[in-house]
Asker: 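Before I ask anything, let me first share the structure, which is written out below as structure tokens.
When a ligand or atom number is given, it counts from 1 through the structure's own listing order. Residue numbers start at 1 and run along the sequence shown. FYI, side chains are in, hydrogens and waters are out, and symmetry mates aren't considered; it's all heavy atoms of this structure.
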Amino acid sequence: MSIEIWHGDITELDVDAIVNAANETLLGGGGVDGAIHRAAGPGLLAECCQLPELRPGVRCPTGEVRATGGHALPARHVFHTVGPVWRDGRHDEAALLANCYWQSLRLAERMELQSIAFPAISCGVYGYPLHQAADIAVTETLTWRKSHTRPLRIILVAYNAAAFKIYQQALNRSGQIDSSGGSSALMQGLAAAT
Ligand code: AR6
């Protein structure tokens with residue numbers, strides 16, 4: 001199983017699933033959510049509206065995940081997860097964010113997917129500090145890898161160069177980076193822990 005960092009727009013990735021940083025309605029929004037809905041086309045919103053878990057008045061709880069198809073995206077599926085809104089770090093934010101990663105990986109395994117890409121959940125509108133969120137993303141994916149074989153490829157997407165560097169530092173801190181593979185991959189905007 002490889003854990004990679006990739007710099008770019010998640011909507012361009014040809015993977016089995018991309019994760020959407022959604023809100024509890026799962027009916028679209030700004031940031032990466034807006035970008036995913038724009039790239040996927042109106043079929044995605046239509047499918048979200050039909051999700052059996054989302055009857056009127058019923059929302060997707062923070063930390064959980066729901067799957068839809070990818071519609072016009074290169075990705076086959078979209079996993080909609082709801083990250084925590086950052087308050088002060090003392091309102092269970094870390095556990096809720098970790099759950100977004102863990103539940104998404106569990107769903108990918110259950111669906112027998114080979115590859116999944118995550119944006120920096122909660123790190124935009126929801127205000128989660130990226131350094132801390134990157135540590136959680138790296139820790140959860142590395143912990144997952146210790147006891148699971150699927151998905152084969154986990155990609156952490158950095159939307160800009162600063163975020164890429166922060167992910168790289170988190171991966172370095174974890175001591176899991178493969179320096180030879182990592183350095184050649186880095187030249188293409190990709191760092192890898194294999
Ligand atoms: N590809 C990859 N990453 C992206 C992209 C993209 N195309 N666009 C933005 N990011 P945010 P949140 C990064 O605000 O904080 C929505 O309205 C961005 O730089 O999208 O979880 C939802 O409906 C940031 O690092 O998600 C919710 O209401 C990260 O994605 C709310 O925002 C997440 O930023 C969720 O807020």
Asker: Sequence neighbours excluded, which residues qualify as ring-ring contact (aromatic ring centres under 6.0 Å, His included) partners of Y101?
Answerer: F118
Asker: Taking the side chain as everything from C-beta on, heavy atoms only, tell me whether R153 gets closer than 4.5 Å to I155.
Answerer: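 Yes, at least one pair of side-chain atoms sits under 4.5 Å.
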Asker: How about M1 and W144: do any of their side-chain heavy atoms sit closer than 4.5 Å?
Answerer: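 Answer yes - side chains close enough.
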Asker: Is any NZ, NE, NH1 or NH2 atom of the basic residue among E112 and R150 found under 4.0 Å from an Asp or Glu carboxylate oxygen of the other?
Answerer: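 The answer is no: the pair does not qualify as a salt bridge.
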Asker: Please examine the side chains of I36 and I18, heavy atoms only from C-beta on, and report whether any two atoms are closer than 4.5 Å.
Answerer: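 I18 vs I36: side chains touch.
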Asker: Please produce the table of protein N or O atoms sitting under 3.5 Å from N or O atoms belonging to ligand 1, one pair a line, distance to 0.1 Å.
Answerer:
unit_1   : atom_1 : unit_2 : atom_2 : d
ligand 1 : 1 (N)  : I10    : N      : 3.0
ligand 1 : 7 (N)  : D9     : OD1    : 2.9
ligand 1 : 14 (O) : V125   : N      : 2.8
ligand 1 : 15 (O) : S122   : O      : 3.4
ligand 1 : 15 (O) : C123   : N      : 3.4
ligand 1 : 15 (O) : G124   : N      : 2.8
ligand 1 : 15 (O) : V125   : N      : 3.2
ligand 1 : 15 (O) : Y126   : N      : 3.0
ligand 1 : 17 (O) : G30    : N      : 2.7
ligand 1 : 20 (O) : V32    : N      : 2.8
ligand 1 : 21 (O) : S122   : N      : 2.8
ligand 1 : 23 (O) : N23    : ND2    : 2.7
ligand 1 : 23 (O) : D33    : OD2    : 2.7
ligand 1 : 28 (O) : N23    : ND2    : 3.3
ligand 1 : 34 (O) : G124   : N      : 3.3

Asker: Give the cluster check for Y159 versus Y126: same hydrophobic cluster or not, with ILVMFWY residues linked at side-chain heavy-atom distances below 4.5 Å.
Answerer: no
